[in-house]
Amino acid sequence: MTKSRVFIYGSCVSRDAFEHFDTDRFELVQYVARQSALSAYTRPVTLIDPPKLESAFQQRMLSGDFESSLQAIVPQLSGQTDLVLVDLVDERLGAYVLPDGSVITRSVELVSTGVEKDLPAGSQHLPFGGDLHFQYWSQGIASVGNLIRQHLPDAAVVLLDIPWASIDDTGTPAPDSFGLSAADANALYPHYVQAAQTSLDAHVVTLGEHEVRAGSAHRWGPAPFHYSDNVYGYISETVERHIAPRTPAAEHTPAACRSTSAVRTAPARDEGSSPMPNLIIAGAHRAGTLWLYKQLARHQDIEMAPGKASNFFSRPDALSDKAALEGYSAHFRDIRTSPWRGERTPTYFWQTTESGFGVPRPSTPRVIKEALGRDVHILLSLRDPVTRAVSAFWHYVANGRAKVEEGIFRANPALGIVDIGFYERHYRQWSDALGEEALHTLIFDDLEESPRKYLGSALDAVGARDYPEFWESPMVARRYNHHPGIDAIRRARPVSTQEIIALAHLYERDIRFVQELTGRDLTAWRDIDALIERNQAK
């Protein structure tokens, strides 16, 4: 029998559960632990060296965290992985954001070395469960999801949502972990699980709090996440029963993997047809598209494909590559009955053939027209182009793809930091291909001033029905597009006044265009003094 190859990205919860898997059916190919999604998402740590540990395994995990090694490991597993097993327990102590935007996971191993007291001045601890941690982490887990989809497209992803145990199998209260009790932890994890499920497009295996017990004789000692054997047995039985060897993950919907979202059934697909979206959040990058995506995904009549959809329509061969087309349509296979089926790729809006600030890109709107016709709604969210460019620059600095010393104008043009702000050029290519009636333009200022007004404009644009309960969620007020870890660098080495003035002059025509297009007074977008103050905030 061919074995299913398993990659674990998580903690002892996944690793201990794997020990209960049938060794005739499953083999472990890689294990990454002690590495938060924040660390995996950001640049390697260079300001300090990883401390030395006696355990070879602990040293490897700690060094991997400093190296943000997940970014290199996942591509190496391409074609060698059938199942990705994930849990979030190693997130529990939060993370440190260093002054250059790099991140160190606050793991037990890190704490044991005492290195925390020697971190560079300006380092910031983001505690697990805090708003800043969740905002930053949400982007990290989305990046991990994109990485897995890009390099392991046929692998099933299973997320373990196992609550911490309050008592062990003898009835004795389980100890706290670094002052965090089971009750406290179980109150903090649900938001993270929901975000991870969406970003990873994962099946979720879960148990109720009353169904878990800590293991009194666990080999790693007492802890609320060191479980009794029957918990691991449930996990292994569920995965073994429903994840078949060498079967692409897209072909599975494990019935016993109890998901946090309701199960929906879709009608059988006609032979040869491919389910496709009729709603696309196309950009602009760094202008609120992630927030908009997460809000629309909660609407009763709208289903959004998990995460970003891999820039599918930006590929010139997208529709002729049958495997790629089938992979893309798999995002929508189970949501065909919803009135609105959507996806978000915030660089779709960026259209250029030749530019001193960008690189040639295929015509995304023409590919979309060929694939979807004109019966598609395109949502655009536009932000004042100067601040958008500055935000994009710091976004790429945080990700290690741009360097502070380069500045905005010398950064890699393939990133589109400057070029995406030429809104008129991009908009005209979209309107020429699909017609202006397909395009709906939102203004980022509204999101900053009134999230409800901004979201209401989006729902009105596509004609979605109004449900009173939709507006009751506190998520309406939550923001997702902030990089708190980069704030120290922004304060120490802000974008220069000259760069801001140059950007303002570059974008004068585009600002006038958006003002005429929307009928909005965008005087603030041209106020150079205000732009300098906003983008050099101390």
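Side chain to side chain, D161 and T206 meet the donor-acceptor criterion of an N or O pair below 3.5 Å. Side-chain contact annotation: R213 with S228, donor-acceptor N/O pair under 3.5 Å absent. Checking E67 against S63 by side-chain atom types alone, no donor-acceptor pair falls below 3.5 Å.
Annotation: side chain of L372 is in contact with side chain of M276 (closest heavy-atom distance under 4.5 Å). At a threshold of 4.5 Å between non-hydrogen side-chain atoms, the residues M61 and E109 do not count as touching. Contact of the L319 side chain with the L325 side chain is registered, since non-hydrogen atoms from C-beta on lie closer than 4.5 Å. Y293 has its side chain within reach of T198: a pair of non-hydrogen atoms, C-beta onward, lies under 4.5 Å apart. Annotation: side chain of T345 is not in contact with side chain of F313 (no heavy-atom distance under 4.5 Å). The closest side-chain heavy-atom distance from H125 to S123 is not below 4.5 Å. Proximity of I378 to F349: side-chain heavy atoms (C-beta onward) are nowhere separated by under 4.5 Å. When side chains are defined from C-beta on, R344 counts as touching L290, because their heavy atoms get closer than 4.5 Å.
No side-chain donor-acceptor contact under 3.5 Å links S39 to the backbone of T105. Here the side chain of H299 pairs no donor or acceptor atom with the backbone of Q295 at under 3.5 angstrom. Remark: the backbone N or O of Q139 is not paired with any side-chain donor or acceptor of S143 at under 3.5 angstrom. Using a distance-only test at 3.5 Å, with no hydrogens or angles considered, no donor-acceptor pair links the side chain of S78 to the main chain of P75. Judged by distance alone, with hydrogens and angles left aside, the side-chain atoms of D87 form no donor-acceptor pair with the main-chain N or O of L160 at under 3.5 Å. The closest donor-acceptor contact from the side chain of Q59 to the backbone of E54 lies at 3.5 Å or more, if one exists at all. Under the 3.5 Å distance criterion, the side-chain polar atoms of H426 are matched with a main-chain donor or acceptor of D419. No donor-acceptor pair under 3.5 Å is formed between the side chain of H203 and the backbone N or O of V158. Side-chain atoms of Y232 come within 3.5 Å of backbone atoms of Y227 as a donor-acceptor pair (strictly under, hydrogens ignored). With hydrogens and angles disregarded, a donor-acceptor distance shorter than 3.5 Å links the side chain of Q35 to the backbone of S69.
A side chain to side chain donor-acceptor pair (under 3.5 Å) with S36 is found for one member of E91, R106, R92 and no other, namely E91. The one candidate from Y396, Y348, W350 that meets the ring-ring contact (aromatic ring centres under 6.0 Å, His included) condition with H285 is Y396. A ring-ring contact (aromatic ring centres under 6.0 Å, His included) with Y31 is found for one member of F7, F57, Y9 and no other, namely F57.
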- Message: Between L88 and W137, is the side-chain contact (heavy atoms from CB on, under 4.5 Å) condition met? List the steps.
- Response: CA-CA 11 Å; L88 307 180; W137 181 89; 4.0 Å; yes
- With side-chain contact (heavy atoms from CB on, under 4.5 Å) as the test, would you mind laying out the steps for V97 and L132 before giving the verdict? CA-CA 11 Å; V97 181; L132 289 181; over 6 Å; no
- Task: Just do the side-chain contact (heavy atoms from CB on, under 4.5 Å) check on D201 and V157 with the steps written out, would you?
- Result: CA-CA 7 Å; D201 192 14; V157 181; over 6 Å; no
- Steps toward side-chain contact (heavy atoms from CB on, under 4.5 Å) verdict (I408, W394): CA-CA 9 Å; I408 289 177; W394 290 118; over 6 Å; no
- Message: salt bridge (charged side-chain N to carboxylate O under 4.0 Å, His left out), that's the test. Do R15 and E19 meet it? Break it down for me.
- Response: CA-CA 7 Å; R15 188 65 180 87; E19 294 298 318; 2.4 Å; yes
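Residue L62 comes nearest to P51 through the heavy atom pair CD2-CG, 3.5 Å, listed as atom of the first residue, atom of the second, then distance. Listed here is the closest heavy atom pair of R388 and R286: CG-O, 3.8 Å. In this structure, R149 and L200 approach most closely via the heavy-atom pair NH1-C, 3.9 Å. Minimum interatomic distance between V397 and K403 (heavy atoms only, all atoms of both residues): CG2-C, 4.4 Å. Listed here is the closest heavy atom pair of S102 and R43: CB-O, 3.5 Å. The shortest heavy-atom contact between F332 and P275 is O-CB, 3.7 Å.
Rounded to the nearest 0.5 Å, atoms SG (C12) and CH2 (W220) are 9.0 Å apart. Rounding to the nearest 0.5 angstrom, the gap separating the OG1 atom in T42 from the CG atom in L98 is 9.0 Å. One distance of note links CG of L110 with OG1 of T113; it measures 5.0 Å at 0.5 Å rounding. Here the CD atom belonging to E240 is positioned 10.0 Å from the OG atom belonging to S4, to the nearest 0.5 angstrom. With rounding to the nearest 0.5 Å, the separation of CH2 in W164 from OH in Y189 is 5.0 Å. Atom CG of L296 is separated from atom CH2 of W340 by 11.0 Å, given to the nearest 0.5 angstrom.
Residues passing the side chain to side chain donor-acceptor pair (under 3.5 Å) test with T81, sequence neighbours excluded: none. The side-chain contact (heavy atoms from CB on, under 4.5 Å) search around D317 returns R315, S320, D321, not counting sequence neighbours.
Below 30°, between 30° and 60°, or above 60°: for H133 and F128 the angle between ring planes is above 60°, a perpendicular geometry. Using the six-membered ring where Trp is involved, F312 and Y328 have ring planes that are parallel, under 30° apart on the 30 and 60° scheme.
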